[in-house]
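Here the structure is laid out as structure tokens; the discussion comes afterwards.
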2 protein chains.
Amino acid sequence: MTVELEKSPRPVGRLKIQKRADLVTEEIKQLITQKNLRPGDKLPMEKELQRLFSVSKSTIREALKSLEVQGLITISTGPTGGATIMEVPLERTFQLLQNYLFFKEVSMEDIYAARRLLEPELAAGSVPFLSDEQLAALEQNIQTCQPASQEPSLLVRQRQADLDFHDILAAANPNPFLRFACELINEMLRRLVVFSTQTPPEEHTRFGCANVKIHTEIAKAARARDSERVRALMKAHMEEASEYVKRLDGRLDGRLILDSEMAPRPRPLS
Amino acid sequence: MTVELEKSPRPVGRLKIQKRADLVTEEIKQLITQKNLRPGDKLPMEKELQRLFSVSKSTIREALKSLEVQGLITISTGPTGGATIMEVPLERTFQLLQNYLFFKEVSMEDIYAARRLLEPELAAGSVPFLSDEQLAALEQNIQTCQPASQEPSLLVRQRQADLDFHDILAAANPNPFLRFACELINEMLRRLVVFSTQTPPEEHTRFGCANVKIHTEIAKAARARDSERVRALMKAHMEEASEYVKRLDGRLDGRLILDSEMAPRPRPLS
DNA sequence: AAATCCGGTTTATAATGATAAATAGAATAG
DNA sequence: CTATTCTATTTATCATTATAAACCGGATTT
């Protein structure tokens, strides 16, 4: 089976001519959709793909690179090596989204405007689906968040641990879209929040205490499987947090996120 | 100025070794952040980049390809050619997001769960910022949406025109994050919705009429700069639409979106 | 004088071949 | 039986050459 690619620079139907490598990328994508390849399935190896599309090594290499950057495949060397379909990792998606938002000026309040709306619904929707492990993880998380020292770097780490609480809730929600939206918000807050060092540490500590308090209540209501109470508590939590954030002068540190920065976030158990 | 890249396979600090090309990609990203390059600025040409990072042609090519796929640069030939920084297009971001959602099973209702929450707030927030052109565009859009025929392909196109209404509202909102979230939702609905052909056309027409009616009211309230009324109307609109969608058996057509499909959406005037 | 053509220059794009590095699995030593 | 070394296979990287696209400026035409 050989797929024929248009070789001549397309008669210009007002469509911009595409590069060879990009055409091959699309062909491969169609192959994936067509043959309904699932994560774990393998693409033919480079040499075969070269033959299949009648292109050179460097072209097929670029095409594979494109798919790799998009997070659709991983490439490995050695026997049995080659391109393997994979489910696009959440982290990769975040990174690509950060590229988009790099040039926009997103403020903390902008994000909270969406967070206020989504989180209560997310939390309420998660309640019926929380496993015992997840409930335990919520309670466990509250312990780690107890405000201890006022050492600056520790304060930031604590704020980030706060966000783990919300990630655990998100993980339990059956709505993949809502889940994604909230995980995105958490990730942005986690990664980009740089609180002004001007802010007095007491303010931070107070923020931490308030969080622990309401998280405790939410965890309790979740154990009682009281969705409506969780929703109400989360709503209050979000409004309170909005206020704190305004005062804390949180701002987003807009820069390009590197792959090497993307690794080590402990995934909450699903 | 020459940047030295670690050449030896990194002493394995539990970090997975990265490919040369990916290291170069990161170096270039740092270059962009560091030198604060803005859209329109140019990267050095390939030969220079080769020298700068002491890598071969194909390696630098792969690195540039990576940045191109991420939407951060465009590459052109000719004397003034080379890599030019660009603002990541919204469409590219959508596409990369679709890759992520390709493997998840997102239902229509999943999306509407988020839409119900976000759209009323978005619309209300846009009201004070709507320009005369945008108000006119809203009213204009309602005209094009008047249900005419019941021809199947036309019905789908009409549903998509409905979404333009919401895109116009989104474009006026000053919150870039909320705007992005709603534009994403619109795009997903626009591109991926495939209504069951089982559904009787009358039902579609009724849906279209209901939309026109409430869009008309929303446009009127927007002209009157009545944010609260717009919020309330949009809330009702979303709830009504949710119900219709359930009955219409709308589902998402999960597949990989190709570059070639990404082009021709008329951007609403900002 | 303005527009068009045309060839040269610059740059990316594509192809090919050669060598290095990584890996899985078999063979082997302890 | 375990751990190590070996080997075959495949990608990763480099180097070189050829091709194609885009731009520039001068000559030619209108």
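Every chain is numbered from 1 and lettered A, B, ... according to where its sequence line falls, protein lines coming before strand lines.
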Is it true that A:Thr144 and A:Asn141 share a donor-acceptor pair across their side chains at a distance under 3.5 Å?
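Not at all, the side chains of A:Asn141 and A:Thr144 share no donor-acceptor pair under 3.5 Å.
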Would you say B:Gln70 and B:Ser66 are linked by a side-chain donor-acceptor pair, where the criterion is simply a distance under 3.5 Å?
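Result is yes, a qualifying pair exists.
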A:Glu68 and B:Lys19 ion-paired at < 4.0 Å
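Between B:Lys19 and A:Glu68 there is a salt bridge, with a charged N closer than 4.0 Å to a carboxylate O.
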Side-chain N or O of [X] closer than 4.0 Å to phosphate OP1/OP2 of [N]:
{"X": "A:Lys19", "N": "C:dT13", "answer": "yes"}
{"X": "B:Arg61", "N": "C:dT13", "answer": "yes"}
{"X": "B:Thr59", "N": "D:dT13", "answer": "no"}
{"X": "B:Arg20", "N": "C:dA21", "answer": "no"}

Length of the [atom1]-[atom2] vector between [X] and [N], whole Å:
{"X": "A:Gln50", "N": "D:dT10", "atom1": "CD", "atom2": "P", "answer": "13 Å"}
{"X": "A:Lys57", "N": "C:dA20", "atom1": "NZ", "atom2": "C1'", "answer": "12 Å"}
{"X": "A:Lys47", "N": "C:dA15", "atom1": "NZ", "atom2": "C1'", "answer": "15 Å"}
{"X": "B:Glu46", "N": "D:dA22", "atom1": "CD", "atom2": "C1'", "answer": "15 Å"}
{"X": "A:Arg51", "N": "C:dA15", "atom1": "CZ", "atom2": "P", "answer": "16 Å"}
{"X": "B:Leu43", "N": "C:dA12", "atom1": "CG", "atom2": "P", "answer": "11 Å"}
{"X": "A:Lys42", "N": "C:dA24", "atom1": "NZ", "atom2": "C1'", "answer": "11 Å"}
{"X": "B:Glu62", "N": "C:dA14", "atom1": "CD", "atom2": "P", "answer": "14 Å"}

Any N/O donor-acceptor pair, B:Ser56 side-chain to D:dA15 base, under 3.5 Å
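Side chain to base: no pair below 3.5 Å.
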In this structure, which one of B:Phe177, B:Phe94, B:Phe180 forms a ring pair (Phe, Tyr, Trp, His ring centres under 6.0 Å) with A:Tyr100?
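That would be B:Phe180.
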Pairs under 3.5 angstrom, nitrogen or oxygen only, protein versus nucleotides 4-6 of chain D, please.
none

With sequence neighbours excluded, tell me which residues meet salt bridge (charged side-chain N to carboxylate O under 4.0 Å, His left out) with B:Glu48.
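Checked B:Glu48 against salt bridge (charged side-chain N to carboxylate O under 4.0 Å, His left out); zero matches.
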Of the nucleotides C:dA15, C:dA12, C:dA18, which has the atom closest to the B:Met45 side chain?
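Nucleotide nearest to B:Met45's side chain: C:dA12.
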Over all heavy atoms of both residues, which pair between B:Arg190 and B:Asp164 is shortest? Give the atoms and the distance, please.
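Nearest pair, atom of B:Arg190 first, then B:Asp164: NH1-OD1, 2.7 Å.
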Under the side-chain hydrogen bond (donor to acceptor under 3.5 Å, both in side chains) rule, collect the residues that match up with A:Asp22, sequence neighbours excluded.
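With neighbours one apart ignored, the set is B:Lys65.
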State which residues pass side-chain contact (heavy atoms from CB on, under 4.5 Å) with B:Ala181; sequence neighbours excluded, sorted by chain then number.
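Expected list: B:Leu118.
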Taking only distance into account, with no hydrogens and no angle test, what donor-acceptor pairs under 3.5 Å do side-chain atoms of residues 71-90 of chain A form with protein atoms, sequence neighbours excluded?
residue	atom	partner	partner atom	Å
A:Glu87	OE2	B:Lys104	NZ	2.4

Nucleic acid contacts of residues 75-82 of chain A, taken as heavy-atom distances under 4.0 Å to DNA chain D:
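Per residue number, the list reads A:Ile75, A:Ser76, A:Thr77, A:Gly78, A:Pro79, A:Gly82.
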